[in-house]
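Heads up: the structure comes next, in structure tokens.
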Amino acid sequence: MSAPFDRLAIIGLGLIGSSLARGVRAALPGVTLVGYDADPAVRATARRIGLADTIADLPGEAVRGCDGVILCVPVGAMGSVAAEIAADLDPAAIVSDVGSCKASVVDALQAALPGAVIVPAHPVAGTERSGPEAGFATLFRQRWCILTPPEGTDPAAVDRVAALWRALGSDVEIMAPDHHDRVLAVTSHLPHLIAYTIVGTASDLEEITQSEVIKFSAGGFRDFTRIAASDPVMWRDVFLANREAVLEMLQRFSEDLSALQRAIRWGEGDALFDRFTATRAIRRSIVEQGQDDAREDFGRSHD
Ligand SMILES: NC(=O)C1=CN([C@@H]2O[C@H](COP(=O)(O)OP(=O)(O)OC[C@H]3O[C@@H](n4cnc5c(N)ncnc54)[C@H](O)[C@@H]3O)[C@@H](O)[C@H]2O)C=CC1
Ligand SMILES: O=C(O)C(=O)Cc1ccc(O)cc1
């Protein structure tokens, strides 16, 4: 199988960009990799650990001569990065991204790069860690990667981006950007909001000390603290960019939470039991489909 790209630029070398670089190195050794990050310290680390064949000092320099460009920056920075590369982009190059929400990113990329070939993507794989040293080559293996090409996108371009993610071990699905954002609002964004809230609530309680929260954190709370350790810039941007879908799912969630609150208040054990039985079945079907995190060393050593 020939590689889907000859020369690939990765802009943003944090968790996802560096995992992508490592994955491409391992699975597609014929691809020439160029990296760029706005943070000079990240560029220095990327050079030291040999993330790409070249680490450029300017975004335009990174994309020049590339047939593929993947933006791996927080979603709020996608538009400005696209504007920075516009003048140096090969007109035939495919521009993609890895942002966690898609409608706003598609709009930002189309506005900054009129006429460019744009195939947005979202690898539904990650950890709570960030930065170039947090990445690992196998992050995308057995994970979904959702592509949200704008209407009229050349199918051959979509196939090339799909081939890239399949080479890294992902399963690829195509979706409309708005639908993607509603699905991810409930499966990923709302759970992060809940984790940020519960961990904040526990640490704000006056009568329970911080050290008691840490000392007695049982399974459930510990899992929430992992998610609540996720990158503040990335998640600030996700909630601002996917505002409507998140607010809609939050409204539904609040209503369901009120129903459980009511059941507890009125001692309605059957209602609680029925709800917990139904949710247990959902967990079982996720595990059966191999989409759980059975990887015990998740986020630690993977290369
Ligand atoms: N963290 C996760 O689990 C996942 C994240 N994503 C998406 O991937 C993207 C990147 O996230 P992470 O790698 O986790 O974040 P990260 O914080 O580890 O890395 C982001 C990098 O982008 C750089 N950057 C920021 N603004 C820039 C600019 N204007 N020009 C060039 N570089 C710039 C930062 O210096 C940083 O090194 C985000 O859009 C996020 O929504 C997608 C799937 C999973
Ligand atoms: O670490 C976790 O539990 C995650 O949920 C990772 C993650 C974060 C953001 C995404 O867009 C996709 C996956």
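Keep in mind it's a predicted model, so treat the numbers as computed, not measured. Side chains included, hydrogens not; waters and symmetry mates left out as well; all remaining heavy atoms used.
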| request: Answer yes or no: does atom CZ of R243 have more than 12 heavy-atom neighbours from other residues, nucleotides or ligands under 6.0 Å? | output: no

| query | Can you tell me how far the CG atom of D107 sits from the CE atom of M78, to the nearest 0.5 Å? | reply | 13.5 Å

| said: Do the side chains of D88 and R64 get close enough for a salt bridge, i.e. N-O under 4.0 angstrom? | reply: yes

| field | R182, CZ: over 12 other non-hydrogen atoms inside 6.0 angstrom | value | no

| said: What's the separation between atom CG in L247 and atom CE in M249, rounded to the nearest 0.5 Å? | reply: 11.0 Å

| Shortest non-hydrogen contact between E84 and P59, atoms and distance | OE2-CG, 3.6 Å

| said: Donor-acceptor check, side chain of S18 to backbone of P132, threshold 3.5 angstrom: yes or no? | reply: yes

| said: Do the side chains of R129 and D231 get close enough for a salt bridge, i.e. N-O under 4.0 angstrom? | reply: no

| query | Does a side-chain heavy-atom distance below 4.5 Å link R143 with D171? | reply | no

| Pair R48 + E133: basic N to acidic O under 4.0 Å | yes

| note | With V69 as partner, the option from I85, D97, D90 fulfilling side chain to side chain contact (heavy atoms under 4.5 Å, CB included) is I85

| request: Check whether any side-chain N or O of D37 sits under 3.5 Å from a backbone N or O of V42 as a donor-acceptor pair, and report yes or no. | output: no

| field | E212 side chain to T209 side chain, donor-acceptor N/O pair below 3.5 angstrom | value | yes

| Minimal non-hydrogen separation, A112 against A83, with atom names | CB-N, 3.8 Å

| Side-chain (S19) to main-chain (F136) donor-acceptor, under 3.5 angstrom | yes

Enumerate, atom names and distances included, each donor-acceptor pair closer than 3.5 Å involving a side-chain atom of residues 149-159, sequence neighbours excluded.
unit_1 : atom_1 : unit_2 : atom_2 : d
T153   : OG1    : P150   : O      : 2.4
D154   : OD1    : A156   : N      : 3.0

| field | Any donor-acceptor N/O pair, S217 side chain to R222 backbone, under 3.5 Å | value | no

| task | Calculate, to the nearest 0.5 Å, the distance between atoms CG and OG1 belonging to L51 and T45 respectively. | result | 9.0 Å

| Has the side chain of Y196 got a donor or acceptor atom that lies under 3.5 Å from a matching backbone atom of A229? | no

| query | Does F140 offer a backbone N or O that forms a donor-acceptor pair with the side chain of S170 under 3.5 Å? | reply | yes

| When you measure from the side chain of T187 to the backbone N and O of V183, does any donor-acceptor pair fall under 3.5 Å? | yes

| message | Tell me the closest heavy-atom pair linking C72 and I10, and the distance in Å. | response | SG-CG2, 3.9 Å

| said: Taking side chain to side chain contact (heavy atoms under 4.5 Å, CB included) as the definition, give me every residue that meets it alongside A62, ordered by chain and number, with sequence neighbours left out. | reply: I11, V34, Y36, A56

| Does a side-chain N-to-carboxylate-O contact under 4.0 Å join D67 and R160? | yes

| request: Give a yes or no on this: more than 12 heavy atoms of other residues, nucleotides or ligands lie within 6.0 Å of atom CZ of R252. | output: no

| message | Which heavy atom of D181 sits nearest to which heavy atom of A245, and what is that distance? | response | O-CB, 3.7 Å

| Is a donor on one side and an acceptor on the other found under 3.5 Å between the side chain of R47 and the backbone of I55? | yes

